[in-house]
Amino acid sequence: MTTVELRGLHRRFGDVVALEHLDLSIASGEFISMLGPSGCGKTTALRIVAGFEWPDSGEVLIDGRNVIDLPANRRNMGMVFQAYSLFPNMTAQKNVEFGMRIRGQSGDKRAKRARELLELVGLGAAMDRYPRQLSGGQQQRVALARSLAIEPGVLLLDEPLSALDAKVRVQLRDEVRRIQLQLGITTLYVTHDQEEALSVSDRVAVMSNGRVEQIGTPAEIYGHPKTAFVAAFVGTMNQLEATVVSASDKTVSCMGFNMTVHESRFDYAVGDTLKVFVRPENLRVQPLANGDVPAAGSFAGRTTSFTFLGPVTRVGLNTDLGSMIADVSSALALNLTPGAPVAIELLPGSVHTLTD
Amino acid sequence: MATLTGTLEDASATTGRAGAGRIRRRRKRLPLWHLLWLVVGALYFFVPIYSLVQFSMEGGAHGLAWFHWYRYIFDQPEFRTTFWLSIQISLETVAVGVVLMVPTVFWVHLRLPRFRPAMELIAVLPFVVPPIVLIVGIIAFLHPLTWLIGRPEVLALIYVVFALPFLFRSLDAGMRAIDLKTLTEAAESLGASTFRTLVTVILPNLRAAIIGGALLTVAIAMGEYTVASLLGFNTFPIYIYQTGEALAYPAAALSVISFLLTWGAMLALFLLGGRSRTAAQPVLAK
């Protein structure tokens, strides 16, 4: 089992700082995703770990040993690339055997292991096919099998699913996770797709401008974003500006509507202004008869737009607190009329603030 | 004031494939004047060749066999020696050129992409600099290496320069057609050294590009006259010229043989290029 530690990785490209003293620890057998928009430095960090790029300063420790001076071919890390990377002149089996051949393993052993791995990724029947005879998803499966064949200490995945279509992407990401859990291999996964990162990782490191904005379990990242960037990047958030009414009760007010902030830490005094966040799925929207006043604990608004997303419908609202969006179950959304008045209630424990 | 933040999930994730359209293409008739230009163009190329072939077979009109002059040529010991010398020089040129250029182009693509424009410039120099200037320069350069000047290998070294544009273009196109960076990094991550990556991963995928460049190199080396003449070597093109000075019919037959050789090489290139679908298509620059 292998641990990975990035210590103070710093990398500049001209005037652009790609990585700013990045620190990250990955426990043995852990699956960590680096999530962020393009240009945030996530791929640079991964490529430094792989040995394809070098930092201006900083260390990469594998099991406590600094490998920064080791060339990529001596780091024993499995890597799956964003672009299709199978060797076009070799069959799936020969591709998987490549790393073992370099390690001087015997033909029988190689063939047996290649078969096992291709079966593991569900391609036992495609051993003799050339890359051009495989679909994109199949090619990435073979690439995964190939990277596992060298029994790497660390598995690196650089947006391996981004070239695939939606359905295959979901299927394959679940398989990557299943295989990772089965083998217990330490994994660093780079993606810009939040759903991907949240669904497969033990922990997610959200990155921006070469720094880790927040690292935590998917539930922590989604439920308790620490910075405005994380709040904006992961999922969708309604952002409200509020004033503290009571510090002990953590009660804030926005346009006269009182809400309780659900946060264990609350370092604000009465009269402070702060930003609070509510996820669209935590808004309950109900039709309101014309002229009626919303019940206590809810506020009034009007629907402005409807976007059908399948199980839920995203409803745009013009409310007393400002414009907001709510995700309403599509069956319930049928009760709402465009432009009609509605009463909006915030689910208990759904109001958060930034803790950093 | 309340604001909205966040990213909206991409709801249009399914990739619809445009149905195989049943658009009927109306067959356009070729306008008459297009056809006329086509015929004029074809005549421009084929009439001289036809005349040459016909002239080379004039033996029939003189009461000799149709292929008399061909047989005459093949019976000349000079034909055999010069032909084999040119073949030998061609193969040496290919060997030196490929060994020199494959790693160079690979390295430039992979590690020094900024130097590609410079490389391209160098590669067209043999086109821009008149051959005679090149030769004078090369002779001056080779002057201290007197032991080399008398050997036919010197021609191979010079022809490598002439073949540079073709080899470079062919290899450049071949390397651009594959994802060189990803393939190399994939091989390295699996433990392969750069040399092993080049030999086991990159070279097999450049087969068509290398064959293409090599055949064009052979065509150049088999047909080069000026340098061979100035350096006093008796190569195949020199033999064609000398035969032409004294004997018109055999010279025509020789030219046809030379043509067939070039066409044979081109056909081989076409077939080999078409056969490997994964590898890059070579560039036929000439």
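Throughout, protein chains are lettered first and strands after them, A, B, ... in sequence-line order, and every chain is numbered starting at 1.
A donor-acceptor pair under 3.5 Å links the side-chain atoms of A/N73 to the main chain of B/A192, judged by distance alone. Distance alone, capped at 3.5 Å, places no donor-acceptor pair between the A/R146 side chain and the B/A186 backbone.
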Residues 92-102 of chain B, side-chain donor-acceptor partners within the protein, below 3.5 Å, at least two apart:
from  : atom 1 : to    : atom 2 : distance (Å)
B/E92 : OE2    : B/Q88 : NE2    : 3.2
B/T93 : OG1    : B/I89 : O      : 2.6

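Separating the NZ atom in B/K181 from the CZ atom in A/F81 is a distance of 9.0 Å, to the nearest 0.5 Å. Rounding to the nearest 0.5 Å places CD of B/E185 at 8.0 Å from CD of A/E53. Summarising the geometry, atom OG belonging to A/S85 is positioned 8.5 Å from atom CG belonging to B/D179; distances are rounded to the nearest 0.5 Å.
Looking at A/A50, neither its backbone nor its side chain comes within 4.5 Å of chain B, counting heavy atoms on both sides. Neither the backbone nor the side chain of A/L156 comes within contact range of chain B; no heavy atom of the residue lies under 4.5 Å from a heavy atom of that chain. In this structure, the portion of A/I150 lying under 4.5 Å from any heavy atom of chain B is its side chain and not its backbone. In this structure, the portions of B/T200 lying under 4.5 Å from any heavy atom of chain A include both its backbone and its side chain. If you measure heavy-atom distances from A/R103 to chain B, the contacts under 4.5 Å come from the side chain alone. The part of A/M90 that comes within reach of chain B is its side chain, from C-beta onward, which places non-hydrogen atoms under 4.5 angstrom from that chain.
Taking both residues in full, the closest heavy atoms of B/S189 and A/F52 are given as CB-CZ, 4.0 Å, listed atom of the first, atom of the second, then distance. Across all their heavy atoms, B/V201 and A/N89 have their closest contact at O-OD1, 4.1 Å. Between A/S147 and B/L190, the closest heavy-atom pair is CA-CD2, 4.3 Å. For A/I102 against B/G191, the heavy-atom pair with the smallest separation is CG2-O, 3.5 Å. Shortest non-hydrogen contact noted between B/T182 and A/Y84 is CG2-O, 4.3 Å.
Within a 6.0 Å radius of CZ in B/R116, more than 12 heavy atoms belonging to other residues, nucleotides or ligands are found. For CZ of A/R74, the number of neighbouring non-hydrogen atoms (other residues, nucleotides, ligands) closer than 6.0 Å is 12 at most. By the neighbour-count criterion of 12 heavy atoms within 6.0 Å, atom CH2 of B/W84 is sparsely surrounded, having that number or fewer from other residues, nucleotides or ligands. The 12-atom threshold is exceeded at CZ of A/F13, counting heavy atoms of other residues, nucleotides or ligands nearer than 6.0 Å.
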Item to complete: Dump the intermediate steps for side chain to side chain contact (heavy atoms under 4.5 Å, CB included) on A/M79 and B/E188, then the final yes or no.
Response: CA-CA 10 Å; A/M79 181 144 173; B/E188 282 182 3; over 6 Å; no

